[in-house]
Amino acid sequence: MMTKKLKVHKVSKRFQGLLAIDNLTFELETNEILGLIGPNGAGKTTLVNLISGTMRPTHGTILFEDIPIQNLSPYKRSRMGIARTFQIMNPFPALTVLDNVAVGALFGTIGGCTNMETARNEALHWLEFVGISRHAKRLANVLSGPECKRLELAKALAMRPKLLILDEVMAGLNHSEIEELVQVIKKVRERGISIIVIEHVMKAIKSLCERLVVIQHGIKIAEGSTEDVLASNEVISAYLGKRKRL
């Protein structure tokens, strides 16, 4: 039987009196694109922080390729093959676009780049992959918002992840930019990388995800095929407060 890429089992996160994640359980298959959706404040980014290691759960276990990781530091999880993007983009402004991505290549999964020349070659590959190699020699702080989104993705990919977590990479993009990024993410999966997509853009969710997990107030309220979940009255009500197709 194939090992699950990720298992989140009965995970909770409490901030003093606030229970941000409540007894949450789900699994991610190898080479799957799983959508994690929910209204604003549902706990999605908190969950990403728990998986990537910037926060630790109050209770529960997180297994990556059947190895418990809930008490590991973020850099150890990165070296195991977990990478993520961030909603708030914060590149190294004094470095070129190329060197921003080279940092990821140097820091990523064990067995990756060990010197700057190799890291820059790897970085250029990923900049070409996401479509912004023409900006390689520019400083990162001059990129537009959509270009910064692609830089975030390139930085994460340069770490050679086995699991890639995309935290609202479509936010603020127009329709054509969304479609272009959807195609890039599909190509990422073709390379054997498992993906969790946290997103509000339903066009992207429908195009990318075979399965969805929906959380509200830190509680899982639905899980299943994308079509079935988006047709659920409970899910529609959580987003819109009334019956209307998502």
Side-chain angles (χ1 to χ4, degrees), residues 20 33-49 51-52 54-55 82-101 103-104 123 126-159 161 163-189 193 195-209 212-216 226 229-230 235-236 238-241 244-246:
I33 301 180
L34 175 70
L36 176 64
I37 67 172
N40 288 327
K44 302 184 296 297
T45 296
T46 298
L47 180 58
V48 172
N49 291 338
I51 296 169
S52 63
T54 54
M55 294 179 182
I82 299 175
R84 65 170 292 187
T85 65
F86 291 83
Q87 283 186 45
I88 300 173
M89 299 167 291
N90 192 25
F92 300 108
L95 295 183
T96 63
V97 169
L98 182 68
D99 283 349
N100 264 268
V101 181
V103 170
W126 289 114
L127 288 173
E128 290 171 348
F129 185 86
V130 303
I132 57 169
S133 59
R134 64 190 181 278
H135 298 305
K137 295 182 179 180
R138 302 178 71 191
L139 293 179
N141 62 359
V142 303
L143 295 184
S144 68
E147 289 164 350
C148 282
K149 294 280 187 180
R150 290 179 184 246
L151 176 59
E152 272 288 296
L153 180 56
K155 286 162 58 180
L157 289 170
M159 296 175 69
L163 167 61
L164 177 63
I165 306 172
L166 302 176
D167 195 354
E168 296 197 27
V169 293
M170 309 287 179
L173 303 185
N174 63 35
H175 289 298
S176 63
E177 290 164 345
I178 289 169
E179 182 55 37
E180 288 172 1
L181 204 51
V182 163
Q183 296 308 314
V184 170
I185 294 168
K186 287 180 178 179
K187 290 178 182 178
V188 172
R189 198 267 290 273
I193 299 172
I195 304 171
I196 298 176
V197 178
I198 297 88
E199 195 55 70
H200 285 294
V201 179
M202 287 302 154
K203 177 182 178 181
I205 287 292
K206 291 175 182 178
S207 297
L208 286 170
C209 304
L212 298 181
V213 170
V214 188
I215 62 175
Q216 183 181 30
T226 298
V229 167
L230 293 182
V235 173
I236 293 167
Y239 268 95
L240 304 174
K244 185 177 179 181
R245 287 191 65 82
L246 289 170

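The first residue in the sequence is number 1, and the count goes up from there.
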If only atom types and distance count, is the side chain of [X] paired as donor or acceptor with the main-chain N or O of [Y] below 3.5 Å?
{"X": "Glu199", "Y": "Met170", "value": "yes"}
{"X": "Thr85", "Y": "Asp167", "value": "yes"}
{"X": "Lys137", "Y": "Leu98", "value": "no"}
{"X": "Gln216", "Y": "Pro39", "value": "no"}

Tell me, do [X] and [Y] make a side-chain contact under 4.5 Å, heavy atoms counted?
{"X": "Ile198", "Y": "Leu47", "answer": "no"}
{"X": "Ile193", "Y": "Leu157", "answer": "yes"}
{"X": "Leu34", "Y": "Leu36", "answer": "no"}
{"X": "Glu147", "Y": "Met89", "answer": "no"}
{"X": "Leu181", "Y": "Leu153", "answer": "yes"}
{"X": "Ile37", "Y": "Met202", "answer": "yes"}
{"X": "Leu173", "Y": "Glu180", "answer": "no"}
{"X": "Arg84", "Y": "Thr54", "answer": "yes"}

Where is the tightest heavy-atom contact between [X] and [Y], given as atom of each residue plus distance?
{"X": "Ala204", "Y": "Ile178", "value": "CB-CG2, 4.3 Å"}
{"X": "Ala156", "Y": "Pro161", "value": "O-CD, 3.5 Å"}
{"X": "Val101", "Y": "Ala154", "value": "CG1-O, 3.6 Å"}
{"X": "Thr46", "Y": "Ala20", "value": "CG2-CB, 4.3 Å"}
{"X": "Gly131", "Y": "Arg150", "value": "CA-NH1, 4.2 Å"}
{"X": "Gly38", "Y": "Tyr239", "value": "N-OH, 2.7 Å"}

Working to the nearest 0.5 Å, report the span between [atom1] of [X] and [atom2] of [Y].
{"X": "Ile51", "Y": "Ile196", "atom1": "CD1", "atom2": "CD1", "result": "4.5 Å"}
{"X": "Leu166", "Y": "Lys149", "atom1": "CG", "atom2": "NZ", "result": "10.5 Å"}
{"X": "Leu230", "Y": "Ile236", "atom1": "CG", "atom2": "CD1", "result": "8.0 Å"}
{"X": "Lys206", "Y": "Leu212", "atom1": "NZ", "atom2": "CG", "result": "10.5 Å"}
{"X": "Lys203", "Y": "Ile205", "atom1": "NZ", "atom2": "CD1", "result": "13.5 Å"}
{"X": "Ile195", "Y": "Ile33", "atom1": "CD1", "atom2": "CD1", "result": "4.5 Å"}

### Query
More than 12 foreign heavy atoms under 6.0 Å from NZ of Lys187: is that the case here?
no
### Message
One pair to check against salt bridge (Lys or Arg N to Asp or Glu O under 4.0 Å): Glu152 and Lys155. What are the steps and the verdict?
### Response
CA-CA 5 Å; Glu152 272 288 296; Lys155 286 162 58 180; 3.3 Å; yes
